[in-house]
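The chains referred to below are lettered A, B, ... by the order of the sequence lines, with proteins before strands, and numbering in each begins at 1.
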Number of protein chains: 2
Amino acid sequence: MLAKIKAARDTLRKSEQKVADVVIADPEQSVQSSIQSIATLASVSEPTVIRFCRALDCVGFQQFKLKLAQDLARRGTFFYQDVTVDDSSKVLANKLLDGAIASLVQIRDQINEDQLDRAIALYEACERVELYGSGGSAVVAEDAQLKFFRLGKPAIAYSDPHIQHASAALLDKNALVIAISHSGRSSDILKTVEIARQSQAKVISVTATRSPLAQVSDVALTVDVNEDSDIFSPVKSRLGQMVVLDVLAVGVAVRGGDHMLEQLARARRAIDFKFV
Amino acid sequence: MLAKIKAARDTLRKSEQKVADVVIADPEQSVQSSIQSIATLASVSEPTVIRFCRALDCVGFQQFKLKLAQDLARRGTFFYQDVTVDDSSKVLANKLLDGAIASLVQIRDQINEDQLDRAIALYEACERVELYGSGGSAVVAEDAQLKFFRLGKPAIAYSDPHIQHASAALLDKNALVIAISHSGRSSDILKTVEIARQSQAKVISVTATRSPLAQVSDVALTVDVNEDSDIFSPVKSRLGQMVVLDVLAVGVAVRGGDHMLEQLARARRAIDFKFV
DNA sequence: TACCGGTTTGTAGTAATATTACATAATGAA
DNA sequence: TTCATTATGTAATATTACTACAAACCGGTA
């Protein structure tokens, strides 16, 4: 939740940002406050606070507080810690793994059931899937391709933006695009999605809450993680994206009933399990 | 908090016990309820619910709910659960994410510091790195390539077994191979590693404990996860492998001192963060 | 610059919810 | 039974969250 607030903060309206700042500054306090006191602290009106909560996918202030409280409670178990040069390997490994675990916990608590259901419906309605991801997200797109093409419809991943553009232009209304981007701000992916939409294709995005990419998609599966401590690339969001896509694929498979699940299980055992 | 309720339950007044019972019966629900609905469910009056909260050392109902919510959040016991066809999307997502989290916890607790240190030393001693992974592990190898080539030495990932063979044959004693395989039993990867060793290259494997691949490697970074509930491909081991390689790369970076860390952080912000 | 359409924000009122004060009912001991 | 004590509910009140609407703001156009 806190990560979500931080991620969404810049896309919020001016006065909602003030609210975000107050909450970020002292979440422990906010969780015990009433709308009134938060509104006063942020020097905005009370409805603004409510609008802020709604912008974060909460039905109201109460739910917002609850989610935030749970978020804070969990930070005790696994939390982000920056690595330092005098950490031993063991300490280092623990810090990094704790951070990764914490981000998955966060994602778990942010899953938007509604969007997920709609994403599953989009897959069921489509005839083929194209996965677009560049840079680090290319890896995620490829991984997802492996999953999706076992579900019975053609699935292909492209990582080169030019090829993405070309391919997107050739789609039709029976195509489903899954666009993967950590920030959701890369002009390449936005352009690609725009082209895809002109071709009438449906678009699911796997990206940050309220990012430009999320806003131009039919369905947005959001992945917000605290990236502060990632040194190389956003590993945590990568993990999150992979898991979210796994959830989507399994969700589709499950709709296919026991029969499909069993078949997939057999396929998995035959192909990957022994040899990869 | 829940434990507290259970413990205190018998010392409470009759009608307060009714409240305790409905809370214990479904804490997740209670946390989202108003006094009214809890009072109705327990067939007591609203003030009784408040008295119940006070008996548990809370100043009011709100605080009670907050504490309970945090308690529920903290019961962060994540375990594997098989998905079933009648799971809602939400339940499904939670099961899958819990499974993924549990596997990372397991990996964290299994990290072998000694092997990790030796792996770091091997990287420091080498002149170039080749990453081999096929099928699902190809994705991991590519991801790792992105990390390693920022560390200052050439790094390249191959996913095609034939090309792996050819490339391995051209290595020398200054090359480091990182071989990634879930099972560590694929004949392709074993053959590749055998060739690499004949070329005098060093080999780090990221694979299952005591697998054939682990046994023929100079250093084995082991990733063992419970795969029973993975439908498509071993997502969990994929996540684990990625994190373990992140640990290795960060470990190397940290040995480079503050200077290197800072440089990498800058590079990350410039490249990925805004655009991917 | 003045005006228009749309968006953002605040004001004021309403509904819901928690809390208090008090009255009634239950319980138990003499 | 009767009184004292405790437990529980009723009804009023205060607080808090939320809604509808109006004012202010902003960016573009004439």
Between A/Asp143 (side chain only) and B/Val139 (backbone N and O only), is there a donor and an acceptor less than 3.5 Å apart? no

Kindly indicate whether the side chain of A/Leu56, heavy atoms from C-beta on, has any atom under 4.5 Å from the side chain of A/Thr209. no

The salt bridge (Lys or Arg N to Asp or Glu O under 4.0 Å) partners of B/Arg9 (sequence neighbours excluded) come to B/Asp21

Less than 6.0 Å separating the ring centroids of B/Phe52 and B/Phe64?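 So the answer is yes for these two rings.
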
Please list, in numerical order, the residues of residues 8-25 of chain A that have a heavy atom closer than 4.0 Å to any atom of DNA chain D. none

If we ignore angles and hydrogens, is there a donor and acceptor under 3.5 Å between the side chains of A/Asp188 and A/Ser134? no

Note: B/Glu16-B/Arg13 ion pair, threshold 4.0 Å (strictly below):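 Salt bridge between B/Glu16 and B/Arg13, a charged N being under 4.0 Å from a carboxylate O: yes.
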
Measure all distances between protein nitrogen or oxygen atoms and nitrogen or oxygen atoms of nucleotides 13-17 of chain D, and list the pairs falling under 3.5 Å.
unit_1, atom_1, unit_2, atom_2, d
D/dA17, OP2, A/Ile35, N, 2.5

On the ring face of A/Tyr123, is A/Lys153 found with NZ or CZ under 6.0 Å from the centre and within 45° of the axis? yes

